[in-house]
2 protein chains.
Amino acid sequence: MTHTPLTRSEAKELTRRRLIRAALAILDKEGEAGLTTLKVAKAAGIAQSTFYVHFKDKQDLLRSLGDEGGERLRRSMREVRRQARESHDAERHREAFRIPIEAICRHPELLRILQRARHDPASPLREFAVETAAAYRDHHAADLAELGYTADDEHDRRRLEMIAEGVNAATNALALGHLEGRYPDVEEVLDVLVALSNGALRLLKSGA
Amino acid sequence: MTHTPLTRSEAKELTRRRLIRAALAILDKEGEAGLTTLKVAKAAGIAQSTFYVHFKDKQDLLRSLGDEGGERLRRSMREVRRQARESHDAERHREAFRIPIEAICRHPELLRILQRARHDPASPLREFAVETAAAYRDHHAADLAELGYTADDEHDRRRLEMIAEGVNAATNALALGHLEGRYPDVEEVLDVLVALSNGALRLLKSGA
DNA sequence: AATTTCACCGATAGTACTATCGGTGAAATT
DNA sequence: AATTTCACCGATAGTACTATCGGTGAAATT
């Protein structure tokens, strides 16, 4: 109950965090069209004009959201790798799908915002969204390589990339379907993703 | 070279078509944020105020775009079915992927607009995008059922839906990747999609 | 031929938002 | 204790856009 006396910079940082949180919530609920400095500031409990104490302009806020999101995503990718190493080989492939799905369910607004930005040529977040998608694809491809699906020639390398991209797209789609309540059982979702992935990987095995 | 004399209603319809075309192009290039009555009217060669002769307001334009897109999509789905029936059983599954990919490559702006709208809670096209996605999923699921992958119990029906949704997501992702130049060979894309799909369908076969 | 309709126009009122500016008081520094 | 800094405020100029309105001339109707 005691108000810890904050220094000025601590208080400012706190306000900044509130602004970023508010912006993410508004972006998720109302989209980029609904993201105004007035709404963000109001939701964070400050005057509209004070927004500009924290960000140069709206672009600057969106850039910060990108950094923010990137930080979370990188953390989550590291987590995937860590947990993947801990699980037995048999489970490993399956668990590699569980972790991103859980991450999506924890912060679905991030995926939704990224998906939108990726296809919106006017979005200041677009470049970031495209880069993130590429990072995930490469990450997944590297994971598969670790599982023994090495690609020696150009052809197989591209196949591996396609499989990674396709399976990622399916993972995102099914995770959102799970959140929407259409696929209530995560285990069933994992069954399908593992089956999709294994089917495609057989392509590489037969080629090797 | 002879200017066919158009009746008033013919000229009006022509202007309306130009507005819709212009709107689609702007939506694709600049996103919903860039879609203003001034830009659309200018691109169609009329005054901004004349926009309101053709549409009640901006919402009305977007609704019309939805109808327009829906019409194209339904035509393309009928085409898939028709061509699928014509091909031999062995090719059938593979060709079922070629047709949507070609459709996407012909009008990539439609897919991009729909993908964006699907994840944008403020978009007037959102409901339409969600319905379209569901229609495609069901369409694909029905296709698979026609190929002999019948689902008797609740469990398998849901699996079939998940496979359809996952494979659709992968198809869209790879089609856009192809358009972006990352996967130049459509046949390689088809290889991967067929492999993904077959892998997942083995789940159903083993269950039956 | 006279009259009506209507697709189009330019001008403009109204709205929503961005970003700036001068001011204030409490925190930080001297 | 005196001075400086700065996170915040309210007011407001500027911008971009939506939607309306009265007017016009050619097409359509009488």
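By convention in this document, chain letters (A, B, ...) are assigned in the order of the sequence lines, proteins followed by strands, and residues within each chain are numbered from 1.
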Tell me: [atom1] of [X] to [atom2] of [N], nearest whole Å?
| X | N | atom1 | atom2 | value |
| --- | --- | --- | --- | --- |
| Gln59(B) | dT18(D) | CD | P | 12 Å |
| Leu61(B) | dC17(D) | CG | P | 15 Å |
| Lys42(A) | dC17(C) | NZ | C1' | 14 Å |
| Arg8(B) | dG25(D) | CZ | P | 15 Å |
| Leu6(B) | dA26(D) | CG | C1' | 14 Å |
| Lys12(A) | dT5(D) | NZ | C1' | 12 Å |

### Message
Could you measure the distance from the CG atom of Leu204(B) to the NE2 atom of His155(B)? Nearest 0.5 Å is fine.
### Response
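The CG atom of Leu204(B) sits 10.0 Å away from the NE2 atom of His155(B).
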### Message
Using a strict heavy-atom distance below 4.0 Å, which residues from residues 15-23 of chain B are in contact with DNA chain C?
### Response
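Going residue by residue through residues 15-23 of chain B, the ones with a heavy atom under 4.0 Å of DNA chain C turn out to be Thr15(B).
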### Query
Under a 4.0 Å heavy-atom cut-off, which of residues 46-58 of chain A touch DNA chain C?
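Going residue by residue through residues 46-58 of chain A, the ones with a heavy atom under 4.0 Å of DNA chain C turn out to be Gln48(A), Ser49(A), Tyr52(A), Asp57(A), Lys58(A).
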#### Entry: Consecutive-pair stems (3 or more, Watson-Crick or G-U, under 3.5 Å) for DNA chain D
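DNA chain D forms these stems: C:1-30 with D:1-30.
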### Message
For a 4.5 angstrom cut-off between non-hydrogen side-chain atoms, does Leu61(A) reach Phe51(A)?
### Response
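Of all side-chain heavy-atom pairs linking Phe51(A) with Leu61(A), at least one is under 4.5 Å.
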Would you say [atom1] of [X] has more than 12 non-hydrogen atoms from neighbouring residues, nucleotides or ligands within 6.0 angstrom?
| X | atom1 | value |
| --- | --- | --- |
| Glu10(A) | CD | yes |
| Arg21(A) | CZ | no |
| Glu127(A) | CD | no |

#### Entry: Pair Glu95(A) + Arg98(A): basic N to acidic O under 4.0 Å
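A salt bridge links Glu95(A) with Arg98(A).
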### Query
Would you call the rings of Tyr136(A) and His139(A) parallel, tilted or perpendicular if under 30° counts as parallel and over 60° as perpendicular?
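Correct class here is perpendicular.
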### Single hit among Arg17(B), Arg63(B), Arg74(B), Arg75(B) for salt bridge (Lys or Arg N to Asp or Glu O under 4.0 Å) with Glu68(B)
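The single option meeting the salt bridge (Lys or Arg N to Asp or Glu O under 4.0 Å) with Glu68(B) is Arg17(B).
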### Query
Of Leu38(B) and Thr7(B), whose closest DNA chain D nucleotide lies nearer the 5' terminus?
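So the residue in question is Leu38(B).
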### Task
Show your reasoning for whether side chain to side chain contact (heavy atoms under 4.5 Å, CB included) applies to Thr36(B) and Gln48(B).
CA-CA 9 Å; Thr36(B) 70; Gln48(B) 185 264 342; over 6 Å; no
### Message
Testing the 3.5 Å rule here: is there a donor-acceptor pair between the side chains of Thr15(B) and His54(B)?
### Response
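Short answer, no.
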### Task
Please lay out, stage by stage, how Glu154(A) and Arg158(A) fare under the test salt bridge (charged side-chain N to carboxylate O under 4.0 Å, His left out).
CA-CA 6 Å; Glu154(A) 181 72 10; Arg158(A) 206 159 42 227; 3.7 Å; yes
